[in-house]
Amino acid sequence: MKRAILILSAAFFAGCAGTNTAGPGPSAAPVSEQVPAGMAERSAKTHTELGTLYLQAGNLAVALEEARLAAAIDPGYAPAFDLMGLVHLALNEMPQAGTAFERASQLAPGDPQIANDYGWFLCLSGREQEAFKYFEAAARNPLYKMPTRPYTNAGLCYLRVKDEKSAEANFQRAAMADGSNAQAIYHLSNLAYKRGDYFNAKKLLGELHRLMEPNSESLWLGVRIERKIGDRQA
């Protein structure tokens, strides 16, 4: 399982075995962005933020240790369990990931970041229809600053169930929310290519390469597009 996808699905090309499937609760700002209520929560927040940095650096053992320490300091701090779920997901430890994500969701049912991450876990677990509810709730939360993430994850999840029309709609929403979302733009270009809209695919790929250095996947898409257009020089 590619770690780039697991870490909030923020990177290009790659964001529970329980029964909590009712979906997230009322809108709320992410707990991780709120001012800690006391000393225990402040300490838990610090360890969670440190663990997140270790996760992003690929040091999963230390990231998990920091998440567990944060949860031990403040068992009610939802982001600690969310981080724990992400690390277990990166390790492909699905039962443990599910338990952690479900606990995070129970502690902060309106948290959009947790809803996004739990939704991605559900998608990877083959529970796509449940996942879509979490992505939608996260993206529509007016207090969430990064709706591009759940829209992108929803697009990826729709690709898993072969619904390219819905996938494209979500990638378009992701790109509208963040014009620098390279992952969404790549998939929009690829979907345009697949339906035969080669000139739009080329335009989108050009936008992508203005945002990032070409890589093997984007270059291969570019070659296929130019072959269809008939521009051998390009």
Side-chain angles (χ1 to χ4, degrees), residues 5-10 15-38 40-56 63-64 66-90 94 96-125 127-154 156-157 170 173-174 177-178:
I5 291 180
L6 298 177
I7 303 174
L8 310 179
S9 292
C16 172
T19 58
N20 181 16
T21 60
S27 294
V31 174
S32 59
E33 296 178 5
Q34 298 174 15
V35 177
E41 187 172 324
R42 283 197 298 271
S43 181
K45 178 180 173 68
T46 298
H47 284 287
T48 301
E49 291 173 346
L50 182 59
T52 299
L53 293 175
Y54 278 114
L55 173 60
Q56 292 169 348
L64 185 57
E66 291 293 336
R68 288 172 172 167
L69 182 57
I73 292 170
D74 185 352
Y77 190 62
F81 292 94
D82 185 51
L83 172 60
M84 202 179 299
L86 289 171
V87 178
H88 283 302
L89 196 55
M94 302 302 277
Q96 297 94 321
T99 299
F101 281 129
E102 182 167 319
R103 182 57 180 156
S105 185
Q106 289 171 344
L107 289 170
D111 189 301
Q113 184 60 58
I114 291 172
N116 172 65
D117 296 342
Y118 188 30
W120 185 240
F121 164 79
L122 292 170
C123 181
L124 294 180
S125 301
R127 297 158 64 184
E128 292 89 357
Q129 296 307 315
E130 296 174 44
F132 295 136
K133 296 186 296 184
Y134 282 86
F135 293 142
E136 189 69 16
R140 292 188 177 279
N141 187 323
L143 301 176
Y144 191 34
K145 299 175 183 177
M146 294 174 288
T148 190
R149 289 180 176 177
Y151 281 139
T152 300
N153 282 344
L156 294 170
C157 201
N170 278 277
R173 294 186 185 109
D178 178 7

Just so I know, are the side chains of [X] and [Y] near enough to count as touching, which here means a heavy-atom distance under 4.5 Å?
{"X": "Asn170", "Y": "Phe135", "value": "no"}
{"X": "Phe101", "Y": "Leu86", "value": "yes"}
{"X": "Gln106", "Y": "Arg103", "value": "yes"}
{"X": "Leu53", "Y": "Glu66", "value": "no"}
{"X": "Leu50", "Y": "Thr46", "value": "no"}
{"X": "Leu122", "Y": "Glu128", "value": "no"}
{"X": "Phe81", "Y": "Ile114", "value": "no"}
{"X": "Val87", "Y": "Gln96", "value": "no"}

Rounded at 0.5 Å granularity, tell me how far [atom1] in [X] sits from [atom2] in [Y].
{"X": "Met94", "Y": "Thr99", "atom1": "CE", "atom2": "OG1", "answer": "11.5 Å"}
{"X": "Arg68", "Y": "His47", "atom1": "CZ", "atom2": "NE2", "answer": "15.0 Å"}
{"X": "Tyr77", "Y": "Leu83", "atom1": "OH", "atom2": "CG", "answer": "10.0 Å"}
{"X": "Leu55", "Y": "Thr48", "atom1": "CG", "atom2": "OG1", "answer": "12.0 Å"}
{"X": "Cys157", "Y": "Leu124", "atom1": "SG", "atom2": "CG", "answer": "7.5 Å"}

[X] to [Y] - nearest heavy-atom pair and separation:
{"X": "Gly85", "Y": "Ala100", "result": "N-CB, 3.5 Å"}
{"X": "Ala78", "Y": "Leu107", "result": "CB-CB, 3.8 Å"}
{"X": "Thr152", "Y": "Thr148", "result": "OG1-O, 2.7 Å"}
{"X": "Ala138", "Y": "Tyr144", "result": "O-CD2, 3.3 Å"}
{"X": "Ala67", "Y": "Ala80", "result": "CB-O, 3.8 Å"}
{"X": "Gly51", "Y": "Ala63", "result": "O-CB, 3.4 Å"}

- Query: Ignoring hydrogens and geometry, is there a side-chain-to-backbone donor-acceptor pair from Asp111 to Val31 under 3.5 Å?
  - Reply: yes

- Apply side-chain contact (heavy atoms from CB on, under 4.5 Å) to the pair Leu64 and His88, showing each step before the final yes or no. CA-CA 8 Å; Leu64 185 57; His88 283 302; 3.7 Å; yes

- Query: Do NZ/NE/NH1/NH2 and the carboxylate oxygens of Lys45 and Glu41 come within less than 4.0 Å?
  - Reply: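 Looking at Lys45 and Glu41, the cut-off is not met.
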
- Task: Name the orientation class of the two ring planes belonging to Tyr118 and Tyr134 (parallel below 30°, tilted from 30 to 60°, perpendicular beyond 60°).
- Result: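 Ring orientation of Tyr118 relative to Tyr134: perpendicular.
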
- Task: Tell me, yes or no, whether the heavy-atom count around Phe132 atom CZ, taken from other residues, nucleotides or ligands under 6.0 Å, exceeds 12.
- Result: yes

